[in-house]
Amino acid sequence: MFSFIARIIARDLSLALRRPADLAAPLCFFLIVASLFAFGVGPEPELLRRLAPGILWVGALLSTLLSLPRMFADDFADGTLEQIALAPYPLGLAALGKAIAHWMISGLPLALISPILALQFDLPMDALVILFFSILIGTPALSGIGSIGAGLTLGLRGAAVLISLVVLPLYIPALILGAGAVDAVAHGLSPRPHLFLLAAFSTGSIVFAPWAAAAALKISLE
């Protein structure tokens, strides 16, 4: 079972490395969103620090949406998804592997680059650390929930727009908890409650959401 998931992850990572433009797109979008907000707000350090958690988390959230339509679409187009569905393993395991690979391709790089972009907002060092951990912990939920939207809209026209309508309302808890953790540090409070709840939300999403995505994929394949 674990080797099957590992093969799915390794295959998706290998395919992603052949398309460096797809890897760079979420990072570039995140950079553009964060920089434009910083320029738009103006050189007011207090205002920038107050708005930074929400802006950076919204930027990370929207950046993950860019790659969601391709989570299953390429395999669906060339028939690989049908072969995976015929494998002697539950389709939910394949969806889990693809969600993990999506996080490694999009969520992990966003977490690594977030403290650098946060320097534009004059955040203190402790807030930068919590921002990194909040995005690192929270983005698996975005990939897990995103797999449901990708499965439901597979093969449909305007899939990118439909995915946004499906998953954005479900992303709100991660957004609130992630931005709240950074904001708590800025106000001298402990971020642990936010991070613990965010970790629980991500764990539940990455464990249970792929099975819902598998049910959606079976409908799309019929």
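Asp74 is not listed as a side-chain neighbour of Thr80, based on a closest heavy-atom distance of 4.5 Å or more. Between Leu108 and Thr139, the closest side-chain pair of non-hydrogen atoms is not below 4.5 Å. With contacts defined as side-chain heavy-atom distances shorter than 4.5 Å, the pair Leu128/Met125 qualifies. Pro90 is listed as a side-chain neighbour of Trp211, based on a closest heavy-atom distance under 4.5 Å. Counting only heavy atoms from C-beta outward, the side chains of Ile84 and Ile8 approach each other to under 4.5 Å. Between Met71 and Ser147, the closest side-chain pair of non-hydrogen atoms falls below 4.5 Å. The side-chain heavy atoms of Ile130 and Leu195, taken from C-beta on, include a pair separated by under 4.5 Å.
Connection of Ile176 to Leu51 is not established within any shared hydrophobic cluster, with ILVMFWY side chains joined at heavy-atom distances below 4.5 Å, either directly or through further cluster members. Under a hydrophobic clustering in which Ile, Leu, Val, Met, Phe, Trp and Tyr are joined whenever their side-chain heavy atoms come within less than 4.5 Å, directly or via other members, Ile100 and Leu13 fall into the same cluster. Linking ILVMFWY side-chain heavy atoms closer than 4.5 Å, directly or via other members, places Leu136 and Leu119 in a single hydrophobic cluster. Note on Phe4 and Val207: same hydrophobic cluster, where clusters join Ile, Leu, Val, Met, Phe, Trp and Tyr whose side-chain heavy atoms are under 4.5 Å apart, directly or indirectly. In terms of hydrophobic clustering, with Ile, Leu, Val, Met, Phe, Trp and Tyr side chains grouped at heavy-atom distances under 4.5 Å, Leu15 and Leu17 are assigned to different clusters.
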In sequence, state the C-alpha distance, the side-chain angles, and the governing distance for Thr203 and Phe208, and then conclude on side chain to side chain contact (heavy atoms under 4.5 Å, CB included).
-> CA-CA 8 Å; Thr203 301; Phe208 296 109; over 6 Å; no
Derivation of the side chain to side chain donor-acceptor pair (under 3.5 Å) call for Ser134 and His194 | CA-CA 9 Å; Ser134 68; His194 295 84; over 6 Å; no
Would you sort out whether Leu152 and Leu162 count as a side chain to side chain contact (heavy atoms under 4.5 Å, CB included), showing the intermediate values?
-> CA-CA 9 Å; Leu152 287 172; Leu162 292 175; over 6 Å; no
Can you list the steps and then say if Ile55 with Leu48 is a side chain to side chain contact (heavy atoms under 4.5 Å, CB included)?
-> CA-CA 10 Å; Ile55 291 173; Leu48 286 172; over 6 Å; no
Given the rule in the side chain to side chain contact (heavy atoms under 4.5 Å, CB included) test, do Leu65 and Leu168 qualify, once you have shown the distances and angles that lead to the verdict?
-> CA-CA 9 Å; Leu65 289 175; Leu168 279 178; 3.7 Å; yes
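The backbone N or O of Ala111 lies less than 3.5 Å from a partner atom in the side chain of Ser114, making a donor-acceptor pair. No donor-acceptor distance shorter than 3.5 angstrom exists from the side chain of Ser14 to the backbone of Ala10, with no hydrogens or angles considered. Between the side chain of Ser202 and the main chain of Ile137, a donor-acceptor pair closer than 3.5 Å is present.
The number of heavy atoms from other shown groups lying within 6.0 Å of CZ (Arg19) is above 12. A 6.0 Å sphere centred on CZ of Phe37 holds no more than 12 heavy atoms belonging to other residues, nucleotides or ligands.
A distance of 10.0 Å separates CG in Leu31 from CD1 in Ile116, rounded to the nearest 0.5 Å. The CG atom of Leu93 lies 4.5 Å from the CD1 atom of Ile5; values are rounded to the nearest 0.5 Å. Atom OH of Tyr171 is separated from atom CD1 of Ile145 by 6.5 Å, given to the nearest 0.5 angstrom. Note that the CZ atom of Phe2 and the CD1 atom of Ile9 stand 11.0 Å from one another [nearest 0.5 Å]. Atoms CZ and OG1, on Phe29 and Thr64 in that order, are 10.0 Å from each other to the nearest 0.5 Å. Residue Asp183 holds its CG atom at 14.0 Å from CH2 of Trp57, rounded to the nearest 0.5 Å.
Here salt bridge (Lys or Arg N to Asp or Glu O under 4.0 Å) pairs that include residues 79-107, with residues two or more places apart or in two chains, are Asp12-Lys98, Asp75-Lys98.
Of the candidates Leu117, Leu112, Ile113, Ile113 is the only one forming a side chain to side chain contact (heavy atoms under 4.5 Å, CB included) with Leu27. Remark: of the listed residues Leu131, Val182, Leu61, Val33, Leu131 is the sole one forming a side chain to side chain contact (heavy atoms under 4.5 Å, CB included) with Leu56.
In plain terms, the two heavy atoms of Gly59 and Phe30 that are nearest each other are C-CD1, 3.6 Å. Residues Gly149 and Val166 approach most closely at CA-CG1, 4.1 Å, considering heavy atoms. Here the closest non-hydrogen pair linking Pro210 and Ala95 is O-CB, 3.4 Å. Pairing each heavy atom of Leu110 with each of Ile135, the nearest pair is C-CG2, 4.3 Å. Ala184 and Pro191 get closest at one heavy-atom pair: CB-CA, 4.3 Å. Counting all heavy atoms, side chain and backbone alike, Ala150 lies closest to Phe72 at CB-CD1, 3.6 Å.
Looking at residues two or more places apart in sequence or on another chain, you find a side-chain contact (heavy atoms from CB on, under 4.5 Å) between Val58 and Leu62, Leu175.
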